[in-house]
A.B. asks: 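One structure, as structure tokens, below. Some questions next.
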There are 2 protein chains.
Amino acid sequence: MTRIDDVARLAGVSTATVSRALRGLPTVSAATRRRVLAAAEQLQYAVSPSASRLAGGKTGTVAIVVPRITRWFFGTVVEAVEDFLHRYGYDLLLYNLGGREQTRRRVLRTANLDKRVDAIILVATPLRPADVAALTRLALPGVTISSGSGVPGWPRVRIDDVAAGRAATRHLLDLGHTRIAHISGDPDDELAFTTHLDRRRGYHEALRAAGIRPDPSLDVESQFTIDGGIRATTELLTRGEPPTAIFAACDEMAMGAMSALRDAGLRVPHDVSVIGIDDHDLAGVLGLSTVAQPAAEQGLLAARILLDPLGVRAADPYPGLVPYGADTDADEGSPRSVILPTRLVVRESTAPPRAN
Amino acid sequence: MTRIDDVARLAGVSTATVSRALRGLPTVSAATRRRVLAAAEQLQYAVSPSASRLAGGKTGTVAIVVPRITRWFFGTVVEAVEDFLHRYGYDLLLYNLGGREQTRRRVLRTANLDKRVDAIILVATPLRPADVAALTRLALPGVTISSGSGVPGWPRVRIDDVAAGRAATRHLLDLGHTRIAHISGDPDDELAFTTHLDRRRGYHEALRAAGIRPDPSLDVESQFTIDGGIRATTELLTRGEPPTAIFAACDEMAMGAMSALRDAGLRVPHDVSVIGIDDHDLAGVLGLSTVAQPAAEQGLLAARILLDPLGVRAADPYPGLVPYGADTDADEGSPRSVILPTRLVVRESTAPPRAN
DNA sequence: CTGAAAGCGCTTACAG
DNA sequence: CTGAAAGCGCTTACAG
């Protein structure tokens with residue numbers, strides 16, 4: 001294994017100079033830099049991250065924690081973050097909670113992240129007070145994406161879930177529906193986090209604004225997954241007269257609902273309209289109406305916000321990559337928290353209720 | 001920041017003993033171990049990975065390289081690998097190529113991985129000779145999943161893509177179809193790798209075995225994505241009389257095909273049958289017939305195979321997690337290469353051709 | 001602009 | 001079973 005002193009010897013300089021030249025520090029003459037780079041190239045030299053980190057006090061690594069990488073939203077966020085961070089030379093450590101409380105605790109609470117990363121991105125991760133305390137104790141920069149309770153001092157990137165729930169419900173109301181069901185996360189579902197509470201609130205608000213009292217029998221709790229949508233819808237259909245429309249808290253649940261409705265012999269949207277939230281990759285294929293949220297943009301924005309306290313040089317070498325017009329969420333008291341806009345996308349799964 | 005000598009002082013032992021006790025080495029008395037653990041607990045001590053790695057010569061980190069984490073197969077593989085490796089205390093460094101040749105080269109060829117990880121998992125990553133040479137030079141253990149060209153000495157985990165293509169095509173033939181189209185990856189599509197070549201070969205073999213000469217006008221190249229499926233199918237429909245069935249090289253393409261057919265006013269399976277390969281999460285919802293491949297199992301198996309050369313203690317503390325009965329691919333000359341079985345799953349998207 | 005030297009926080013022979 | 005000491009391969013003041 002070639003080390004820094006091999007390069008130093010070949011280039012005829014000290015290891016300190018090699019270190020400086022290789023990292024592009026300005027205090028190296030052009031001629032010296034050239035010689036060092038040539039020597040490093042010739043020897044196929046790669047700096048040892050461990051040694052560099054120990055000496056330099058930085059890990060060059062960011063941790064990202066997601067509930068389930070296989071869900072559309074989280075996969076899309078991770079992809080965007082990975083792309084951005086690698087451009088700036090950061091490594092991405094992936095933690096996939098997989099709905100296991102034990103894993104969540106191990107990742108957040110133990111000394112796991114300590115000394116291992118320079119910063120943390122938490123995506124829709126439930127945080128108990130003890131977790132927040134542990135994260136605060138780490139004293140690292142961090143960002144949360146679509147997380148309910150934040151970490152003091154950490155910016156937050158998210159959408160307005162209440163508004164999204166309202167928009168979805170209002171779309172159904174505008175079509176003339178009055179028996180509108182809602183399927184969403186249950187309290188035990190770690191993946192749902194608090195997102196489902198906000199979306200449900202939007203549902204209730206929209207109904208009440210239309211003079212409709214929410215009917216508990218039309219409100220079913222389940223998991224934020226395809227299967228969760230299937231189960232919730234099946235349950236809904238056993239409760240008596242079916243609703244004329246279903247608002248699912250995420251597209252995956254909406255897809256499950258479409259599947260369950262079809263299996264029950266009901267047509268979408270002829271018998272029942274369905275709308276979700278997300279704008280999943282496959283929403284178009286399924287003709288699913290939805291309230292679109294910008295997933296990749298949330299990841300990109302979070303990554304960019306994170307790089308700032310890490311003292312990353314270039315301000316934004318990829319202008320245009322990050323969406324403009326993001327509102328600063330001043331209420332939070334956090335630096336540069338951001339709420340990104342959502343957008344109603346009407347496809348074939350919603351229509352006026354059948355006249356009967 | 002508390003360091004190892006803080007713990008040593010509090011426990012009244014040397015740092016060497018703290019190091020041994022914390023890592024569970026057997027050469028520490030029970031009483032001493034207890035005192036060390038208590039001291040570490042009390043001080044909230046976390047070992048510095050950088051220092052530990054530099055001194056110990058191991059990074060405790062595995063790199064996984066995937067074309068696109070957002071595609072079903074890759075997301076599922078990463079989730080399984082992450083779970084398995086974290087159980088054994090390894091960190092997972094994620095590299096998402098995103099179809100960028102430049103990124104692929106940066107990750108594989110430069111000194112990127114050198115000294116940074118203990119082992120590498122390559123998922124469906126195209127390897128040019130220079131890449132193979134670079135990987136070989138690293139002299140690290142590795143595994144490839146569903147990759148065409150392997151790395152000498154690295155085990156391979158995959159399915160038999162030719163057989164999968166054959167099975168899908170034969171299913172359509174068995175239903176009575178003779179005008180069977182195929183949509184698959186094109187040579188420029190990094191994501192498709194060589195997988196599409198094998199699946200196409202299976203298609204050709206099955207046709208020929210049935211006495212049908214492959215019709216080039218029914219064979220369309222596109223991307224391994226939903227959009228790719230849409231484009232390929234649209235192209236197919238412009239070429240004259242539509243086929244009575246389409247075999248798509250992956251479920252995402254098949255879903256795109258279903259969407260394009262619907263947009264063209266054709267019904268599935270009444271007018272055109274569609275089958276894919278994968279058994280995507282949403283295949284059930286869409287009623288898509290497919291040749292199922294075990295994605296999580298390929299990830300798990302690859303992770304387990306990888307841990308062996310890393311000298312991980314426990315053989316398999318999670319028996320049953322990894323599928324048995326995997327055939328050893330002796331031809332390869334690689335240690336413990338494995339081919340996992342696929343399975344035809346018939347749903348509603350395939351039916352006999354319409355009588356006309 | 002460059003170098004000598006200390007130091008980052010561990011682990012590992014080696015000795016006992 | 002335990003400790004003293006060297007060493008892992010860099011980076012960073014400090015001095016010039």
Side-chain angles (χ1 to χ4, degrees), chain A residues 1-37 39-40 43-61 89 91 111-118 310-311, chain B residues 1-37 39-40 43-61 89 91 111-118 310-311:
Chain A
M1 197 175 64
T2 78
R3 294 167 318 180
I4 196 171
D5 41 304
D6 297 321
V7 178
R9 209 170 306 117
L10 182 58
V13 296
S14 70
T15 59
T17 297
V18 173
S19 174
R20 295 185 189 109
L22 256 29
R23 282 177 298 148
L25 297 191
T27 61
V28 179
S29 76
T32 303
R33 187 186 309 279
R34 257 196 309 279
R35 260 186 303 140
V36 169
L37 291 179
L43 296 175
Q44 300 245 40
Y45 172 70
V47 60
S48 157
S50 308
S52 165
R53 288 164 187 184
L54 179 58
K58 289 167 187 153
T59 68
T61 305
D91 279 338
N112 191 294
L113 261 17
D114 196 15
K115 304 174 189 168
R116 187 168 308 246
V117 298
D118 293 337
L310 297 185
Chain B
M1 199 174 61
T2 78
R3 294 166 319 180
I4 197 170
D5 41 304
D6 298 320
V7 179
R9 210 169 306 118
L10 181 58
V13 296
S14 71
T15 59
T17 297
V18 172
S19 174
R20 294 186 190 109
L22 257 28
R23 282 177 298 148
L25 297 192
T27 61
V28 178
S29 77
T32 303
R33 186 187 310 279
R34 258 196 308 280
R35 261 187 302 142
V36 170
L37 290 179
L43 296 174
Q44 300 246 37
Y45 171 70
V47 60
S48 158
S50 308
S52 164
R53 288 164 186 184
L54 179 58
K58 288 167 187 154
T59 68
T61 305
D91 279 337
N112 192 293
L113 261 16
D114 196 15
K115 304 174 189 168
R116 187 169 308 246
V117 298
D118 293 337
L310 297 185

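Remember, predicted model here, so these are calculated numbers, not experimental data. Below, chain A is the first sequence line, B the second, and so on; all start at residue 1.
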A.B. asks: Looking at every strand, decide which applies to B/Ser29 at a 4.0 Å heavy-atom threshold: base, sugar-phosphate, or nothing.
C.D. replies: sugar-phosphate

A.B. asks: NA contact type, A/Pro26, heavy-atom cut-off 4.0 Å: base, sugar-phosphate, or nothing?
C.D. replies: sugar-phosphate

A.B. asks: Name the closest nucleotide to the A/Ser14 side chain, picking from C/dT11, D/dG3, C/dG3.
C.D. replies: C/dG3

A.B. asks: Taking any heavy-atom pair under 4.0 Å as a contact, classify B/Ser48: base, sugar-phosphate, or nothing.
C.D. replies: sugar-phosphate

A.B. asks: Please, what dot-bracket string fits DNA chain C when only Watson-Crick and G-U pairs with both distances under 3.5 Å count, crossing ones use [ ] and pairs to another strand use |?
C.D. replies: |||.||||||||.|||

A.B. asks: Return yes if some donor-acceptor pair links the side-chain N/O of B/Lys58 with the main-chain N/O of B/Asp118 below 3.5 Å, else return no.
C.D. replies: no

A.B. asks: When the distance from CG of B/Leu54 to P of D/dG7 is rounded to whole Å, what number comes out?
C.D. replies: 14 Å

A.B. asks: Looking at C/dG9, D/dT12, D/dC10, which one has an atom nearest to any side-chain atom of A/Arg23?
C.D. replies: D/dT12

A.B. asks: Using the side-chain heavy atoms of A/Thr32, tell me which of these nucleotides is nearest: C/dG9, D/dT2, C/dT2.
C.D. replies: C/dT2

A.B. asks: Closer to the 5' end of DNA chain D via nearest nucleotide, is it A/Lys58 or A/Arg3?
C.D. replies: A/Arg3

A.B. asks: Please pick, from C/dT11, D/dT2, D/dT12, the nucleotide with the shortest atom-to-atom distance to any side-chain atom of B/Thr17.
C.D. replies: D/dT2

A.B. asks: Output a table of nitrogen or oxygen pairs between the protein and nucleotides 13-16 of chain C separated by less than 3.5 Å.
C.D. replies:
| unit_1 | atom_1 | unit_2 | atom_2 | d |
| --- | --- | --- | --- | --- |
| C/dA13 | N6 | B/Arg20 | NH2 | 3.0 |

A.B. asks: Choosing from C/dC10, D/dT2, D/dG9, which nucleotide comes nearest the side chain of B/Val28?
C.D. replies: D/dT2

A.B. asks: If you only use heavy atoms from C-beta on, which nucleotide in C/dC10, D/dT11, D/dT2 is closest to the side chain of A/Ser19?
C.D. replies: D/dT11

A.B. asks: With respect to the side chain of A/Val13, which nucleotide from D/dC10, D/dT12, C/dG3 is positioned closest?
C.D. replies: C/dG3

A.B. asks: In whole angstrom, give the distance that lies between atom CZ of A/Arg34 and atom C1' of C/dC1.
C.D. replies: 15 Å

